[in-house]
Structure formats: C-alpha cells, structure tokens
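See below for the structure under consideration.
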Protein chains: 2
Amino acid sequence: MQTEEENNTLDDFLAIAKALSDPSRVRALLALRRGELCVCQIIALLDLAPSTVSRHMSLLKQAGLVKGRKEERWMHYRLAKPETGTGIIQASLQWVFMATEKDNTIEEDKKRMARILRQSPESLCKTRTKKRKGNQ
Amino acid sequence: MQTEEENNTLDDFLAIAKALSDPSRVRALLALRRGELCVCQIIALLDLAPSTVSRHMSLLKQAGLVKGRKEERWMHYRLAKPETGTGIIQASLQWVFMATEKDNTIEEDKKRMARILRQSPESLCKTRTKKRKGNQ
DNA sequence: TCTTCAATTCGTCACATAACGAAATATATG
DNA sequence: CATATATTTCGTTATGTGACGAATTGAAGA
C-alpha cells in the first residue's frame with residue numbers, strides 16, 4: 001500500500017471522502033485530536049449503539065485516517081501519524097480540521113469530551129451498559 | 001448563505017465531502033481545471049445519461065464547488081473562483097487536486113477531454129442525441 | 001473451564017442515492 | 001405560434017448506508 005502507489009489514487013481518495021461524509025465519523029475523528037480514545041469514550045460522545053460506533057471507526061481505519069491499538073480488552077483509536085500516512089492522509093486530516101474550525105457542534109463536543117474524560121474508562125463502560133436507551 | 005456563516009460549518013463541510021465521494025463527480029470537477037465546460041462535453045466525458053450528469057453537476061453546485069452560467073441554450077460550468085468561495089471551497093478544491101494527482105483514470109480523462117474539445121460543442125450534442133446507448 | 005464484558009460481526013429495516021427514461025422547461029429558429 | 005434542442009425535473013428501480021439488536025469473538029478474571 002505504500003511501496004509503489006502509482007495508479008488508483010482515485011479509489012483511495014473516494015474512500016477518504018466517503019469516510020468524511022458522515023457527521024458521526026467526522027465528530028469522532030475530530031475528537032481524536034485530543035489524543036488516543038477508547039471506543040467506549042467515543043460511544044459516550046456520539047451516544048450511538050456500540051455496534052454502530054464500531055462500524056464507523058472501522059471505516060475511518062479502512063480509509064487510513066485512524067489507527068487502532070488493542071490494550072487488554074479495550075480498543076483505542078488515534079489519528080494516523082504523519083509518518084504512517086501517505087501524504088494524502090495528512091492533507092485530508094488538515095483539511096477536515098480547518099474546514100470545521102468554527103463549528104458549534106464540534107465546540108460542544110470538546111466540552112462534552114472533557115466531561116467524559118473526567119470519568120475513568122472502566123466506569124464509563126459499565127455505566128453505559130446499565131444505561132437506558134429508549135429511542136428509535 | 002454568505003452574509004455571516006458562523007455556526008453550521010459542519011453541514012457545509014459534509015455537503016462538500018458528499019459531493020466529492022462519487023467518482024463521476026470528482027472526474028467532472030477535475031476536468032473543469034481546463035476551464036469552463038458545456039454540460040454536453042461533460043456528458044461526453046463521463047458517458048452517462050444527460051439527466052444523470054445534470055444531477056451530478058447540480059450537487060457540485062449546491063456544495064459550492066462549481067458555478068453555472070447559461071449562455072443561449074447551453075449550460076456552462078466552471079470551478080468556483082477564489083473570490084467566490086468561502087475559503088473552505090478553495091481548500092477543498094486544492095485537496096482534491098493534490099489527492100488525485102497521480103491517478104490513471106484522471107490522466108485518461110485529460111486525453112479524452114482533449115479529443116472531445118477538438119469537436120465543436122454543437123456537433124457534440126447532436127452526435128450524442130443520435131448515439132446508440134445500449135447498456136444497462 | 002466458565003463467566004464477564006468490550007468490541008466486532010451479522011442480519012434486518014428504513015432511508016439515501018445513482019442510474020435510467022419520460023416528461024417538463026427554456027431558449028433559439030422557422 | 002410551432003418546432004427543435006439542451007438541460008433539468010420527476011418517477012422508478014437497484015444498490016448503498018446508517019441505525020439497531022442479537023450473536024460472536026477475544027481477553028481477563030473467578
């Protein structure tokens with residue numbers, strides 16, 4: 001994937017563009033600017049079903065925008081590092097960051113994530129399991 | 001839409017990302033680097049039904065990436081100019097350009113468009129009308 | 001080994017979207 | 001006004017996608 005990369009740049013690009021065309025994925029990606037996050041923390045941020053969040057993160061990973069690391073039973077995601085990315089990845093990340101700079105939702109997410117980070121990840125997961133989720 | 005633009009930057013961004021997550025739209029957009037193009041020329045490039053191309057161009061326009069200009073009975077599209085765009089637009093265009101720099105399809109499209117431009121737009125349209133299109 | 005639990009995968013549903021052709025619209029031209 | 005023609009809009013169909021819950025996987029811990 002990095003040895004030659006000469007022809008189907010378009011497909012790589014489209015995968016990135018698709019990954020970035022969903023609000024939940026963009027919010028998750030931007031939240032990772034803080035640093036590595038556990039899936040359960042992203043679940044808490046987005047307030048979506050674990051399976052949904054898992055799929056979102058998987059798409060971001062496939063596009064090459066984030067990296068995953070499993071520690072014990074928790075999966076941690078972080079932004080793709082400069083040395084890992086193909087240049088397009090880094091450019092894409094910069095693009096999202098600048099394009100969403102002044103967004104209200106993202107600002108709210110920062111505060112929300114600050115609150116989430118105050119709890120330990122362990123308690124977070126247990127809390128969520130017991131939590132009622134009664135909407136559609 | 002341009003008077004203040006303070007809060008829902010995310011929606012604008014998502015519209016752009018969605019517009020850029022389809023190969024036909026990206027190809028059309030990149031073809032416009034040459035300069036303004038008539039819809040019939042884009043139809044010839046992509047080899048899609050006129051109605052399909054029209055919809056694609058409409059989405060690109062909605063996202064703010066291209067501008068339309070009607071001259072006589074022909075619709076011409078061009079890239080959004082620096083002074084027109086919100087900054088995000090220009091950044092997005094630059095991003096697509098750099099990300100697809102080395103793509104084969106795009107290279108082919110350049111040659112293909114050169115061939116198309118050798119014909120006059122008028123003959124192009126009439127040709128296409130008579131042309132058989134027997135695939136799905 | 002059995003249990004626990006975080007995360008993922010799978011199946012399903014509702015809805016979005018890309019493709020087409022047909023019909024409508026707009027703009028010359030007879 | 002009627003015709004021709006470029007483009008758009010509309011309706012339909014097939015496929016893609018996001019959401020969920022249920023079942024599965026994998027890593028600790030009893």
Side-chain angles (χ1 to χ4, degrees), chain A residues 14-15 17-28 36-44 46-63 66 68-77 119-136, chain B residues 14-15 17-28 36-44 46-63 66 68-77 119-136:
Chain A
L14 289 170
K18 280 191 184 216
L20 294 176
S21 60
D22 176 88
S24 301
R25 284 193 291 269
V26 172
R27 287 173 62 201
E36 203 174 61
L37 288 175
C38 169
V39 171
C40 63
Q41 294 168 324
I42 304 171
I43 289 170
L46 302 177
D47 198 38
L48 290 173
S51 57
T52 305
V53 173
S54 178
R55 173 131 190 77
H56 280 317
M57 297 316 292
S58 160
L59 283 170
L60 285 171
K61 201 169 98 176
Q62 267 187 258
V66 307
R69 178 180 68 87
K70 190 151 197 176
E71 183 180 315
E72 305 189 355
R73 80 189 76 171
W74 292 283
M75 190 68 180
H76 296 262
Y77 285 102
Q119 319 174 44
S120 69
E122 293 79 4
S123 72
L124 227 191
C125 291
K126 292 198 183 142
T127 305
R128 257 213 67 84
T129 307
K130 296 196 203 318
K131 193 196 155 201
R132 294 253 19 171
K133 37 191 138 71
N135 60 347
Q136 197 249 11
Chain B
L14 289 169
K18 278 192 185 215
L20 295 176
S21 59
D22 177 89
S24 302
R25 283 194 291 268
V26 172
R27 288 173 60 202
E36 202 175 62
L37 289 175
C38 170
V39 172
C40 62
Q41 294 168 324
I42 304 171
I43 289 168
L46 301 178
D47 197 39
L48 290 173
S51 57
T52 305
V53 173
S54 178
R55 173 133 189 74
H56 280 316
M57 298 315 292
S58 161
L59 282 171
L60 285 171
K61 201 170 98 176
Q62 266 187 259
V66 306
R69 180 180 65 90
K70 190 154 199 175
E71 182 181 317
E72 304 190 354
R73 80 189 77 171
W74 293 282
M75 190 67 181
H76 297 263
Y77 285 101
Q119 320 173 45
S120 71
E122 292 80 4
S123 71
L124 225 193
C125 292
K126 289 195 185 145
T127 306
R128 256 214 67 85
T129 307
K130 295 195 203 318
K131 193 196 154 202
R132 295 254 17 171
K133 36 192 139 71
N135 59 348
Q136 198 250 9

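Chain identifiers are assigned alphabetically (A, B, ...) following the order of the sequence lines, protein sequences preceding nucleic acid strands; residue numbering begins at 1 within each chain.
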(message) I want to confirm an ordering. Mapping A/H56 and A/E72 to their closest nucleotides on DNA chain D, which one lands closer to the 5' end?
(response) A/H56
(request) Could you check how far CG of B/L46 sits from C1' of C/dC20, rounded to whole Å? (result) 15 Å
(message) To the closest 0.5 Å, what do you measure between SG (A/C38) and CZ (A/R73)?
(response) 11.5 Å
(request) Specify the separation, in whole Å, of atom CG of A/L59 and atom C1' of D/dG16. (result) 12 Å
(request) Give the rounded distance in Å between these two atoms: CG of B/L14 and C1' of D/dG18. (result) 14 Å
(request) State which residues pass side chain to side chain contact (heavy atoms under 4.5 Å, CB included) with B/S24; sequence neighbours excluded, sorted by chain then number. (result) B/D22, B/L46, B/L48, B/H56
(request) Measure the shortest side-chain to side-chain distance between B/L14 and A/P23 over non-hydrogen atoms and say whether it is less than 4.5 angstrom. (result) yes
(request) Please round to the nearest 0.5 Å and tell me the distance separating atom CD of B/E71 and atom NE2 of B/H76. (result) 4.5 Å
(request) Find the distance between CZ (B/R55) and CZ (B/R25) and round it off to the nearest 0.5 Å. (result) 8.0 Å
What pairs of nitrogen or oxygen atoms, one from the protein and one from nucleotides 7-12 of chain C, lie under 3.5 Å apart?
from  : atom 1 : to    : atom 2 : distance (Å)
C/dA7 : OP1    : A/M75 : N      : 3.3
C/dA7 : OP2    : A/C40 : N      : 3.2
C/dT8 : OP1    : A/Y77 : OH     : 2.7
C/dT8 : OP2    : A/S54 : OG     : 2.7
C/dT8 : O5'    : A/S54 : OG     : 2.9

(request) Could you tell me the separation between the NZ atom of B/K18 and the P atom of D/dG16, rounded to a whole number of Å? (result) 16 Å
(request) Quick one: list whatever passes side chain to side chain contact (heavy atoms under 4.5 Å, CB included) with B/E72, sequence neighbours left out. (result) B/W74
